[in-house]
Every structure is written in structure tokens, then in C-alpha cells.
Trainee: 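Sharing a structure with you now.
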Amino acid sequence: MAKIIHYRSKCIGCGVCFEMYPDQWRMSKKDGKATLVNAILKKDVFVLPVTNYIQQLTQELTRACPVKIIKVL
Amino acid sequence: MKKPTIELLSPAGSFEALQAAINGGADAVYFGVEQLNMRAKSINSFMLEDIQQIAAICKANEVRTYLTLNTIMYDHDMQLLHAILKEVKKYAIDAVIASDFAVIEACNQLNIPLHISTQANISNLETVQFFARFSDVVVLARELTLKQVAHICNEIERRNIKGISGELMKVEVFVHGALCMAISGKCYLSLHAQNASANRGACTQNCRRPYTVTDTETNEKLLVDNEYIMSPKDLCMIDKLSEVVNSGVSVLKIEGRGKGPDYVYTVTQCYREALQALENSSYTAGKIEDWMKRLATVYNRGFWNGYYLGHQLGEWTAHPGSSATEKKIYVGKGSKYYPKIKVGEFAIESGSVKEGDTLMITGAAVGMAREKMVTLTVNGAQKAIAVKGDKITFPFGTKITQGDKLYKIVETANG
Ligand code: SF4
């Protein structure tokens, strides 16, 4: 299954992911970083299994993130 | 006019650079934590938990600490902002450097001394007067001429413009380091090209790349005399330091929170010496030449006096990356130090070192130290050269710590 990976610790909290996909991303009020909704923490990175369709959509986001910390597999 | 004591303010982007700034003779350091500073993208940015240690190190060395919180702030940043300010209060950080009004307001409410960042590009006296209600120091826009700077400083005194603490407003200016091609804090190049906002600390430095200009109708490449059409040389005012000081400023700032301890140490030390020379009237052409030479050994894109002398725009760098006359090559890690005989032990992890090499050691405790290696012992026996895998010992005057990084210094083609 396809996955979205978020290297959250490097997030600069610019909010682009949330602007583009507000259903999938939240801006944490606690530390100002983005949170990938429902993702599971695995060794420092957040991983979310997604459908191929969502994976396609997220491609755009991997390019949009200014620090390139969103990946799809 | 009585001569104010000038404060030398150095960047600290890591514990190594912090120690290097202290050793180089900085009066104060500035640093950022988490993602709310203009170097958010840099890999080893400090974390919230580091504030305590930074404060302790600086207090022990009688160095003032300023925390930069100078990105644009969004609503989702407020909690983190307050968490940071709580630590600032708790560990008595001397001031916050800000430009966003949310930070200014929060600092005022918490009685935290405030400096207005160059991101606010303050370019006139009225703006200084405006910010005097909230702050004690303004960092002027890097695009002003020295004449304009002097006018602002004189008028602050004449009009008796006092900051929030009741003292006369102080003016801070950049004297050394990278310049923006745009008015600081107003550049969207990186945002347009890579969606990476420079104003959230994610500048991708598009201005630093070479470009060709093509006439799309004829497909012909236009001749430009320099491909680096937007990359300004670095600011260096050590040769005009008396003018800078005479303009009436109180703080001299060195740019470079993204730079290493070798850079911070060398630049801080040169400016410290120059300030001392000004004080005891020994600021001579010969010394200036020597400082310029030393400054050229660390990262730079070539030097000019920036906009201070009212030059036209157009001192563009001619090279990709640095024009430094020296470069450092990583060779290994520190494992031990024998203080009685002043000998350091290192493991060579890449390349080689030989007798006579100039070595540089960096680490959180030493900052940066460099010495020529006179004798070399490799795996217990005296030898002229050591390679990867070897354990070496050599006399080194400064105490090193396990994990310190060892570099050898070589001259570059720019030298
Ligand atoms: S786009 Fe990237 S840096 Fe920006 S908030 Fe989302 S994950 Fe963080």
C-alpha cells in the first residue's frame, strides 16, 4: 500500500500542506508544526498508509513543502 | 559627544559557534531556537531545551544573549512563541530580536527587553521613534548609507528619543557577512521559485546561482559580464570601521548563524582587534590589510562595503560559493586529551594528515582552535604521515574533548 511520510521534526510550520489539503493536515497549536492526521509515529517519522489516488494527489505536496520533508512511497 | 562603548554582537548557530564567538571576544551573541527564526532551515538549529545551557555558558563568560524570533508569525505559532518567551524569562535571556508585532506585543507584556530586527528594515528616524515605544535597540536596514545612519544616531540624541526602558535608543548595524539582493525581509524570490518562504527562514538562495538570459524570440543567449547577476558580495566594514563607529552606532553585528565556528571565531576576533585598535589609536593600514587577509580565509563571496558608502548596486560575486582563501577538510574525531603533556589523541576517519599541516579542531567546548602540527605519532610510533584508520597523537595547546572534529586547513585556488 502507498504511504505518506512526514519528517515532522524538521517542519518549519509554514502551513502550505494545511492550505493545500486541510482534510489531511493540521497545524498544531502546541508546537506550530504540521501534523499528518492519523499518521503513526515510527522511529522519528510519521507514516500514513493511503490509497493510490491519495498518493497521486500528495505528489504535488512533496514538491510544495519548502523544506521537502513530505515523501510518498 | 561622549564616545559610547561599542558592543560586538556575534552569531551563534551551534554550541561550537557559540564558544567560538566567546573565544573570539564577542560582547554578546544572538541565536534562534526551533523554527521561528530566519535560519529555520539550517539543520542544527537550537531547541527550546538548549536555552538553559546557552544562558549558563554566556553568563559564565559575561556575554549577553539575544534570542531571534524574527520570522513572520502565524496564528498557529502563538503557543510555541509563548513557550519560547517563557524560557527567555526563566533563564534571563537579555533581549529578544523581533519584527512581527505579535512578538513585540508579547515581549512588552512580559517585560522582556526588545530589539527590532533588520527584518523590519528601519530606514528613517520617525520609524525609530515609533519603535522606541516598544524597544531599546533598533537594527537599521542594511541598505542605508553611513550618512543616513549618522543622521539617525545624531537625531536620536538631539531629540532625546528614549526607548521603553527609559534609556536613549540604541542603533545596531551589520558590519560583516552576507547581504540580500533585496531589501532585507522583502524578498520573495525563493518563495516564487521554490515555494520556500525566506521570511519563514527557508530561503533557498536563488540569488546565489548563475543565470543565463535568453531572448526567447531568437533563442539567443544575451551576453552578461557575470552570470551571478543577483548575488551580492559580502559586506565587510573592517577597513571603514572608524567611520562606522563615528556615525554613533552602539552595536556592531556580524551576520552568520548558518556559519561554522571557524568563521565565527575569525570574524569576531578580527573585529574585536579592530575595535581595540580604534580605542588605543592604533588602527593602521597595515593592520587593516592583515585583518582583510584573515577574513578572506573563511567563507566569503568576496568583500565590498555594502550600501554604506552609497555605491551603486552592482558589486556582484564572480564565483559559485565561497571565495575563501582556505578550506577545511574533515579528517577525524577526537578521542582523548592528556592535559599534563598537552597532547591530543584522534582517530583518522578520512584522508590523511602529515607533519607540518595546519590543523583545526572544532567542538562545543573548544569552539574553534587551530595550530600547526609539529610532531606526529601514529599508532604509537613517530611517523611523518597518518591515513584513514590510524590513531594519532600530537601536541596541541588547547584542551580537546572526545568527539571534537579534526580538520586540516589547505589553501584554495583563491589564496
Ligand atoms: S509544508 Fe512542510 S514545512 Fe510547511 S508546514 Fe507542511 S510539512 Fe511543515
Side-chain angles (χ1 to χ4, degrees), chain A residues 2-48 50 52-73, chain B residues 13 32-51 67-87 98 100 102-103 106 119 187-206 257-258:
Chain A
K3 284 184 219 147
I4 304 177
I5 298 174
H6 184 214
Y7 297 87
R8 190 172 188 277
S9 60
K10 297 216 167 68
C11 172
I12 61 163
C14 73
V16 165
C17 49
F18 170 66
E19 289 299 323
M20 286 172 71
Y21 298 106
D23 297 340
Q24 201 170 52
W25 299 86
R26 297 259 185 286
M27 295 315 294
S28 157
K29 284 246 157 62
K30 205 160 153 250
D31 63 5
K33 292 182 193 280
T35 300
L36 177 56
V37 177
N38 291 331
I40 305 150
L41 180 62
K42 274 190 191 153
K43 283 198 225 134
D44 286 357
V45 293
F46 284 86
V47 181
L48 178 70
V50 288
N52 287 346
Y53 173 67
I54 301 269
Q55 182 205 23
Q56 286 302 317
L57 282 182
T58 312
Q59 290 289 356
E60 200 186 344
L61 191 52
T62 63
R63 283 188 294 271
C65 169
V67 281
K68 307 280 178 276
I69 53 165
I70 302 171
K71 300 246 150 48
V72 288
L73 284 184
Chain B
V33 293
E34 307 286 344
Q35 70 264 32
L36 299 182
N37 70 89
M38 295 300 284
R39 296 290 180 278
K41 223 182 118 189
S42 97
I43 349 155
N44 7 326
S45 97
F46 285 123
M47 307 308 284
L48 202 53
E49 305 80 65
D50 294 326
I51 295 180
L67 186 125
T68 51
L69 268 166
N70 58 353
T71 54
I72 309 175
M73 298 287 159
Y74 294 122
D75 285 322
H76 64 249
D77 294 320
M78 290 308 130
Q79 211 156 324
L80 175 61
L81 168 65
H82 282 277
I84 296 174
L85 291 180
K86 208 172 137 198
E87 299 296 290
D100 193 290
V103 187
Q119 291 298 108
C187 182
Y188 294 91
L189 205 54
S190 172
L191 186 67
H192 286 316
Q194 258 97 21
N195 192 39
S197 171
N199 304 312
R200 283 289 286 196
C203 178
T204 51
Q205 307 211 324
N206 294 69
R257 274 186 294 126

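The shown structure was predicted, so the numbers you read here are calculated from the model rather than taken from an experiment. Below, chain A is the first sequence line, B the second, and so on; all start at residue 1.
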Trainee: Please enumerate all residues that pass salt bridge (Lys or Arg N to Asp or Glu O under 4.0 Å) together with Asp100(B), with sequence neighbours excluded.
Mentor: none
Trainee: Most heavy-atom pairs under 4.5 angstrom with chain B, which of Ser28(A), Gly32(A), Gly15(A)?
Mentor: Gly32(A)
Trainee: Quick one: CG on Asp31(A) to NE2 on His76(B), what's the gap to the nearest 0.5 Å?
Mentor: 9.5 Å
Trainee: Less than 4.5 Å to any heavy atom of chain B: does that hold for the side chain of Ser9(A), its backbone, both, or neither?
Mentor: neither
Trainee: Nearest heavy-atom pair of Gln79(B) and Lys29(A): which atoms, and what distance?
Mentor: CB-O, 2.7 Å
Trainee: Taking non-hydrogen atoms and a cut-off under 4.5 angstrom, which of residues 33-43 of chain A neighbour chain B?
Mentor: Lys33(A)
Trainee: Any idea which of Cys14(A), Gly13(A), Ala64(A) has the most non-hydrogen atom pairs under 4.5 angstrom with chain B?
Mentor: Gly13(A)
